[in-house]
> 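Submitted below is the structure of interest, expressed as structure tokens.
The chains referred to below are lettered A, B, ... by the order of the sequence lines, with proteins before strands, and numbering in each begins at 1.
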There are 2 protein chains.
Amino acid sequence: MMQNMPVNDLKSVLEQKGIYPSYHRIKILKYLIEHRTHPSVDMIYKDLAKEIPTLSKTTIYNTLKLFVKKGLTISIDFEGETRYDIFIEPHAHFKCVKCGRIYDLPLRTDLCQNVELNGHSPLSYQIVIKGICKHCLEAEGENAS
Amino acid sequence: MMQNMPVNDLKSVLEQKGIYPSYHRIKILKYLIEHRTHPSVDMIYKDLAKEIPTLSKTTIYNTLKLFVKKGLTISIDFEGETRYDIFIEPHAHFKCVKCGRIYDLPLRTDLCQNVELNGHSPLSYQIVIKGICKHCLEAEGENAS
DNA sequence: TTCTCTGCAAACGCTTTGCACGGAT
DNA sequence: ATCCGTGCAAAGCGTTTGCAGAGAA
């Protein structure tokens with residue numbers, strides 16, 4: 001998980017996107033890079049508040065909205081909760097209905113080649129697959145034997 | 001839009017899925033068949049409340065949850081709002097960012113053939129594409145000329 | 001009677017908004 | 001002095017829950 005990207009690199013990632021690299025924004029970007037678990041605002045808040053006791057959720061909402069707007073992050077809607085991901089190349093998401101984990105899945109061909117667009121012009125897409133993840137399937141197998 | 005399915009046919013659709021065909025449930029099913037606009041609870045409520053003044057949103061929530069559970073309907077999550085659709089064959093959804101309309105799009109091959117599942121076992125999926133719909137593109141063209 | 005469908009009101013969870021403080025330029 | 005990042009509190013919105021009353025079997 002840990003990628004130990006130097007703070008100066010994080011700063012330049014933000015600056016290249018036209019985002020002022022404040023202390024909080026660097027921390028949130030660092031969190032997204034080090035926790036590739038598609039965290040919600042609440043998850044980020046609970047973890048970062050340990051380091052930054054004065055942190056507010058509003059700041060995280062503001063920051064992620066800015067990151068999405070600037071194309072640094074994507075947002076994914078799961079039943080009533082928004083999750084965030086810095087991996088912006090096209091891919092699908094798999095959500096395990098047992099453990100709740102979310103995985104990235106590569107696409108063999110771009111989605112738009114697989115859909116009949118009927119004249120509509122796509123800008124972005126999101127694919128969410130629900131099911132039982134490999135991890136839980138293996139756990140089931142162990143219990144059965 | 002109107003398909004004028006006889007009430008007895010609507011009843012048997014429900015009964016075949018093991019759903020008691022109450023007055024409200026028939027009305028909601030009828031609405032879903034006649035309005036293939038991926039309505040939200042609120043849209044259904046606003047329309048049906050004209051005919052059934054005592055109708056409550058809770059009943060619509062209960063009914064749609066039951067329909068989804070029994071496999072009669074699918075639910076799609078759009079930014080913080082759930083939409084419902086009786087078209088249960090696999091397909092993608094296109095949401096226009098200008099007019100908000102939602103379209104069904106056919107898939108050329110099943111999604112799961114296009115994704116590397118990495119050992120996870122899928123149960124269901126949803127694909128949402130955002131962009132500008134044909135209708136709005138044509139309207140833009142007219143304004144430009 | 002018993003079970004379930006219905007509906008009101010309150011609670012709930014996630015997100016947004018309004019406004020004020022404070023730091024940076 | 002101005003702009004912008006931050007944070008508290010309140011409001012907003014979609015949804016769920018608890019409970020009571022009505023209706024069907």
> Nearest 0.5 Å, what's the CD1-CD distance between I74(A) and E89(A)?
9.5 Å
> Could you state the atom-to-atom distance from CE of M43(B) to P of dG14(D) in whole Å?
10 Å
> Atom OH of Y84(A) to atom C1' of dC14(C): distance rounded to whole Å?
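Rounding to the nearest Å, OH of Y84(A) and C1' of dC14(C) are 10 Å apart.
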> Grab the CD-P distance between E79(A) and dT15(C) for me, whole Å please.
13 Å
> Closest approach to the side chain of R25(B), judged atom by atom: which nucleotide of dT17(D), dT6(C), dG7(D) is it?
dT6(C)
> Heavy atoms under 4.0 Å, any strand shown: does S40(A) hit a base, just sugar-phosphate, or nothing?
nothing
> Using the ring-ring contact (aromatic ring centres under 6.0 Å, His included) rule, take H93(A) and Y103(A) through it: C-alpha gap first, then chi angles, then the decisive distance, then the call.
CA-CA 6 Å; H93(A) 290 102; Y103(A) 302 83; over 10 Å; no
> Calculate the interatomic distance between D77(A) atom CG and dG14(D) atom C1'; express it in whole Å.
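Rounded to the whole Å, the gap is 13 Å.
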> Examine K95(A) relative to F78(A) and say whether NZ or CZ is less than 6.0 Å from the centre of the six-membered ring and inside a 45° cone about the ring axis.
yes
> H91(B) vs H38(B) aromatic rings, parallel, tilted or perpendicular, using cut-offs 30° and 60°?
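Ring orientation of H91(B) relative to H38(B): tilted.
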> Given atom CG of L64(B) and atom C1' of dT6(C), what is their separation to the nearest angstrom?
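My rounded result for the distance is 15 Å.
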> Verify the contact: side-chain N or O of T82(B) to OP1 or OP2 of dG14(D), cut-off strictly under 4.0 Å; return yes or no.
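Checking dG14(D) against T82(B), no side-chain N or O comes under 4.0 Å of OP1 or OP2.
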> Which heavy atom of Y45(A) sits nearest to which heavy atom of I60(A), and what is that distance?
CA-CD1, 3.4 Å
> Starting at atom NZ of K57(A), determine the distance to atom P of dA9(D), rounded to an integer number of angstrom.
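Distance, rounded to whole Å: 14 Å.
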> From CG of D42(A) over to C1' of dT16(C), roughly how many Å is that when rounded to an integer?
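One finds 16 Å between C1' of dT16(C) and CG of D42(A), rounded.
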> What integer distance in Å separates I44(B):CD1 from dT15(D):P?
10 Å
> Is the shortest distance from a Lys or Arg side-chain nitrogen in K30(B) or E51(B) to a carboxylate oxygen in the other one below 4.0 Å?
no
> Can you see if the side chain of Y61(A) gets near the phosphate of dT16(C) - specifically, an N or O under 4.0 Å from OP1 or OP2?
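It does not, given that no N or O in the side chain of Y61(A) lies less than 4.0 Å from OP1 or OP2 of dT16(C).
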> Reading nucleotides 18-25 of chain D 5' to 3', which nucleotides get B (base under 4.0 Å from a protein heavy atom), which S (sugar-phosphate only), which -?
------SS
> Compare every heavy atom of T73(B) with every heavy atom of D85(B), then report the nearest pair and how far apart it is.
O-CG2, 3.2 Å
> Out of dT6(D), dG7(C), dT16(D), which nucleotide sits closest to the side chain of S22(A)?
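Given the options dT6(D), dG7(C), dT16(D), the side chain of S22(A) is closest to dT6(D).
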> NA contact type, N62(B), heavy-atom cut-off 4.0 Å: base, sugar-phosphate, or nothing?
base
> With respect to the phosphate group of dT6(D), does any side-chain polar atom (N or O) of S56(A) fall under 4.0 Å of OP1 or OP2?
no
